[in-house]
Amino acid sequence: MHWADVVAEKLMQRGDEHVLATAITPSGPIHVGNLREVMTTEAIYRALKDRGAKAKLIFIADTFDPLRKVYPFLDKSYEKYVGMPLSSIPCPCGEHENYAEHFLQPFIEAMDELGIKPEIYKDHELYAQGFYKNAIKTALDNADKIRNILNEISGRNLPEGWMPFNVLCENCGRLTGEIKEYEYPSIKYECKCGWKNSVNINECMGKMPWRVEWPARWSLFGVTFEAFGKDHASPGGSWDTGKVIAKEVFNYEPPMPFVYEFIHLKGRGAMHGSTGLAIAASEVVKMVPAEVLRFLFMKYEPSRHIEFDASFGLLDLVDEYDEYERVYFGMQEARAGMKDVRRVYELSQPYGTKAKMPLQIPYRHLAVVAQIAKNFDEVIEIIQRRTELQKFDEERLRERYEKIKYWLKNYAPDAIKFEVLEKFEGEMDKRSIEFLERLKNKLETIEWDAEKIHSAIHETIKEYGISAKEGFEAIYKIIIGKKRGPRAGYFLQSLGKEFVLSRIHEVIQK
RNA sequence: GGGCCUGUAGCUCAGCUAGGUAGAGCACCUGGCUUUUAACCAGGUGGCCAGGGGUUCGAAUCCCCUCAGGCCCGCCA
């Protein structure tokens, strides 16, 4: 049974109404790893619905968290915003409402493309609406209890009089106001900037610290399931303290926890280099077809870490997806090593499973065609020389074409990249030229078919007595300026007879 | 110091919660009428299942220990 179904069945034993929560802090580019939280939870959400449960998927953006520091990708001028809520910091590009929105929006768009449509909440709005009002009172009334729990379980040493609420200072706009006196509903606070004031807790802005806010959310939203990374799951971490605070302070039975592993990046050294920057989710969505990206997450148990290979491995991943698809539609037998084929395939679909199998174009081939063609119409033209395209296949092809173009431009290894030369400008030795001349004569007479072209090349090589290596090199050199290239027969076929012949002609004339 | 995950063919992994002496894909090699070249097909090479100990008639599969790799916590979230 697929892991999503295993979890769903466990949840069903608890009841048939569920709220599944996800949350992400938009303090920087939201990366692929964060996608796992959302995708894992959404898969379980689907599995619950398949069992007739009443389920709700929520996404809370931690927009009210303070900016911790000036991250490497930020301008130094951001120094002055450290400590302020992400929602009140200006957008780095100037096009979004605020800093949080700048990072959040592309992620939400990515989720949408992946078919993930949770109810979205923004934390700063929740606070502004007074959503947490009662929880804040409960937390403050139980400040000592919470302090003890945190000290005991997380091994901290919070001082006497510590209060689980940071006031948003009216003077400096930072979440650094410390409550010094509390007598509901009035508080006296002091900020690090030196500001002091007495205010009504119900009218002042501020935020509970994460370890308290998390259990508060569970009780307010009625959360019954939450997946989180192992950072939260460490002993003494926020899950350990949260579940106790939920029970003892908010009188709420904590949700079923589910720990997932992180994603590692493979190949592209620069991506996870000194800066520690990962690939943004919005970026991955541009280079991997949506269903294939989902597939990556559905295929592995969430407890396993995933090696994400944005280089050659991406081609294998797409091929593997296509293979699952063929098995799903009964075109091929499942082979050893495939797991839960039907379920994995279903869960990989962003917007439902098609009634009919989409026509598949091998991804590696598309990688070649996409580099020959100048635009999508040409891609269709080249591919149609061999296959008929149906309407919905064209949609898939278009998506894949766009993704592979993006991939080729930004992530593909050089070995697979080439560019058809506008004009051949290099030098050719005499032997090669003679060989090409003979080849041209032969090509002129044959039907323009990949295998026939392939044969013609080999025949010419043999007749002329040149080595195969030299022969092929000559061909690649005049077309793409490299010693190696895509399989010659198919490649020349895709380029078209006219182009190939005139290119050779051009070289011979020189 | 504490904890999690992983360690099976060159690479990515399946098999491990029904214990019976290893699988897949890719790569590689060999064929595919005369043809090494990055969409094809058919075969094939390749692993003492990280190491050690234990349980068992029998373990990659269960238990214990060790080693290695990755990551998290010990600031904040």
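First the proteins, then the strands, lettered A, B, ... as listed; each starts at 1.
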Which residue lies more 5' along RNA chain B, comparing A/G489 with A/S234 via nearest heavy atoms: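 Looking at the nearest nucleotide for each, A/G489 comes out on the 5' side.
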Walking RNA chain B from its 5' end, the first of A/I461 and A/T25 to be reached, judged by nearest nucleotide, is A/I461
Could you check whether [X] gets within reach of a base, just the sugar-phosphate, or nothing at all, counting any heavy atom under 4.0 Å?
X      : result
A/G485 : base
A/P209 : sugar-phosphate
A/S303 : sugar-phosphate

Any ion pair linking [Y] and [X] (charged N to carboxylate O, less than 4.0 Å)?
X      : Y      : value
A/E325 : A/R396 : yes
A/E447 : A/K452 : yes
A/D322 : A/R400 : yes
A/D5   : A/K10  : no

Should [X] be listed as having a side-chain N or O under 4.0 Å from OP1 or OP2 of [N]?
X      : N     : result
A/H365 : B/C40 : no
A/R156 : B/C75 : no
A/R211 : B/C75 : no
A/R487 : B/U37 : yes

In whole angstrom, give me the gap between the [atom1] atoms of [N] and [M].
N     : M     : atom1 : answer
B/A50 : B/G15 : P     : 15 Å
B/A14 : B/G54 : P     : 30 Å
B/U12 : B/C48 : C1'   : 23 Å
B/G74 : B/C13 : C1'   : 34 Å

Find the partner of [N]: check Watson-Crick (N1-N3 plus N6-O4 or O6-N4) and G-U wobble (N1-O2, O6-N3) distances, both under 3.5 Å, and reply none if neither fits.
N     : result
B/U55 : none
B/C75 : none
B/A18 : none
B/A9  : none
B/G47 : none

Measure the distance from [atom1] on [X] to [atom2] on [N] and round it to the nearest whole Å.
X      : N     : atom1 : atom2 : value
A/I306 : B/C4  : CD1   : C1'   : 16 Å
A/F258 : B/C4  : CZ    : C1'   : 14 Å
A/H232 : B/C75 : NE2   : C1'   : 15 Å
A/Y127 : B/A77 : OH    : P     : 10 Å
A/D240 : B/G3  : CG    : P     : 12 Å
A/W3   : B/A14 : CH2   : P     : 14 Å
A/K299 : B/A14 : NZ    : P     : 8 Å
A/K477 : B/U37 : NZ    : C1'   : 17 Å

So with a 6.0 Å cut-off around NZ of A/K417, is the heavy-atom count from everything else above 12? yes
Under 6.0 Å between the ring centres of A/F228 and A/W214? yes
